[in-house]
Q: 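One structure coming up, written as C-alpha cells, with questions to follow.
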Amino acid sequence: MAMPKPLTFDHLNLFPGLVHGVFSRAEGYSNGSFQGLNVGLSTGDDPDIVNRNRALMLSSIGLTRVLFLNQVHGTDIAVIKSEKDVAGAVWKGQGAALSKIFNADAAVTNLKGLGLVIQVADCQAVVLYDPQKKVIANVHSGWRGSVANIIGRCIDTMVTRFGCNPERIRAGISPSLGPCCAQFINYKQEIPKSLWHYKEKDRPYFDFRQISRDQLGAQGVLDEHIETMGLCTRCRTDLFYSFRANKTTGRFAAVIALTI
Ligand SMILES: [Zn+2]
C-alpha cells in the first residue's frame, strides 16, 4: 500500500515543531462504500481494516500516539495537560485496546508527540496552533458545532487553560460541505436567526466556513492567520467521504501534533 500524502495548510508548514495534515480517502485498505482511507470505527466498516488505515495514516506522518475522540456534536473539550490526563485513551496502533475515550468534539494539548485527530465526512475539522506557547487544538464543527460556537469555546480554553494569545493562534479549516451544497431546508428550526445572514438570499444554502472564520475572528484570531482548504466534500467524493452524498460512508481525518 502506498503511503497516504495528506493535504497541508501552507502557513502551518512554516513551523518546524509541528506536523499536521488532512487525509483524503486516497490509499487505504477499505472497500465498497468505504473505499480508501476510512478512519471511522462507527461507520459499519470492518474494524480491523479501519485500524490498519489508522496505522497507515500515522506512519505516513511519523506519529505513534494519537487521541481519537468519541465525537457527539456537543461542546465538550478534552483538555490534555499531562500524560495522566490521557491515560488509557491514547491509540498506539492496531490491536491496542483503549480503556477510555473522551466524549468530546475538541481537544487541546501542549504534550509533545501526541496527535489530535478529528474525523469528518462533511463537518469541518479546525486545527489550531499557538507557536509561542506551543499549544495545539483540533475541533469538530458540524452545523450543530457552528450553532454552539465550539470554535469560540476552544479558543477560550486555549486562552484560559494554557495562556494562549488569540492574535498568535493559527487556524486551518479542512475540506467540508461547501456553500454550494450546505442546504438546510429546515433552517428555521435548526439554525438561530443570528446566523441567517450566512444564508444565500433566495435559497437555504449556508456558508459554514465563513461562520467559522467569523467565530475565530470574534475571539481575536487574525484573518491572515486563518487558512481554508476550500474543497467541498459533497462535490468531491472522489477525494473525501461525504455523509450528504452517501449515507453509508467513511470518515476522513485531520491530524495535528507537536513534535518539539
Ligand atoms: Zn459542493
Side-chain angles (χ1 to χ4, degrees), residues 4-12 20-28 30 32-40 42-45 53 57 71 73 105-106 117-127 138-151 171-192 194-217 223 226-255:
K5 278 202 196 72
L7 306 170
T8 59
F9 295 102
D10 290 339
H11 70 162
L12 296 185
H20 78 285
V22 176
F23 287 84
S24 78
R25 64 192 295 181
E27 314 307 338
S30 294
S33 308
F34 307 105
Q35 179 65 48
L37 193 74
N38 171 32
V39 301
S42 50
T43 52
D45 197 357
N53 288 336
M57 169 178 87
Q71 302 167 192
H73 296 280
D105 285 273
V117 183
I118 291 294
Q119 309 166 59
V120 284
D122 287 340
C123 297
Q124 299 168 60
V126 181
V127 296
N138 205 345
V139 185
H140 168 234
S141 186
W143 70 266
R144 289 181 186 83
S146 294
V147 168
N149 193 9
I150 188 168
I151 290 173
I173 301 175
S174 76
S176 62
L177 192 66
C180 41
C181 292
Q183 182 189 29
F184 282 73
I185 50 175
N186 298 317
Y187 72 93
K188 287 183 180 167
Q189 285 79 48
E190 293 171 341
I191 296 173
S194 60
L195 298 178
W196 288 4
H197 63 282
Y198 293 98
K199 185 180 84 60
E200 270 184 37
K201 193 165 171 284
D202 300 320
R203 301 191 308 163
Y205 285 71
F206 284 76
D207 188 345
F208 284 96
R209 295 181 190 137
Q210 190 60 45
I211 293 176
S212 297
R213 212 171 240 284
D214 291 348
Q215 288 175 339
L216 289 163
D223 205 55
I226 304 171
E227 189 174 330
T228 305
M229 282 181 175
L231 294 160
C232 172
T233 44
R234 187 169 185 269
C235 291
R236 296 302 305 272
T237 51
D238 57 322
L239 289 173
F240 304 106
Y241 299 106
S242 169
F243 186 72
R244 284 270 184 138
N246 305 290
K247 293 301 173 219
T248 301
T249 193
R251 299 289 180 273
F252 65 95
V255 186

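Remember, it's 1-based here, ligands and their atoms both numbered in the order they're listed.
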Q: Does the side chain of Pro179 come within less than 4.5 Å of Glu200's, by heavy atoms?
A: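 Of all side-chain heavy-atom pairs linking Pro179 with Glu200, none is under 4.5 Å.
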Q: Taking only residues two or more places apart in sequence or in another chain, which ones pass side chain to side chain donor-acceptor pair (under 3.5 Å) with Glu190?
A: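 Not a single residue meets the side chain to side chain donor-acceptor pair (under 3.5 Å) criterion with Glu190.
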Q: Could you verify whether a donor N or O on one side chain and an acceptor N or O on the other, from Ser176 and Arg209, lie under 3.5 Å apart?
A: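 Note: Ser176 and Arg209 side chains meet the donor-acceptor criterion.
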Q: Which residues satisfy the ring pair (Phe, Tyr, Trp, His ring centres under 6.0 Å) test with His11, sequence neighbours excluded?
A: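 Listed in chain order: nothing, the list is empty.
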Q: So which protein N/O/S atoms does the Zn ion (ligand 1) have within less than 2.8 Å?
A: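 Near the Zn ion (ligand 1), below 2.8 Å, one finds Cys180 SG, Cys181 SG, Cys232 SG, Cys235 SG.
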Q: From the options Tyr205, Tyr198, Trp196, select the one residue that forms a ring pair (Phe, Tyr, Trp, His ring centres under 6.0 Å) with Tyr187.
A: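 Result: among Tyr205, Tyr198, Trp196, Trp196 is the only option passing the ring pair (Phe, Tyr, Trp, His ring centres under 6.0 Å) with Tyr187.
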Q: Only counting residues at least two apart or in another chain, list the ones meeting ring pair (Phe, Tyr, Trp, His ring centres under 6.0 Å) with Tyr241.
A: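 Checked Tyr241 against ring pair (Phe, Tyr, Trp, His ring centres under 6.0 Å); zero matches.
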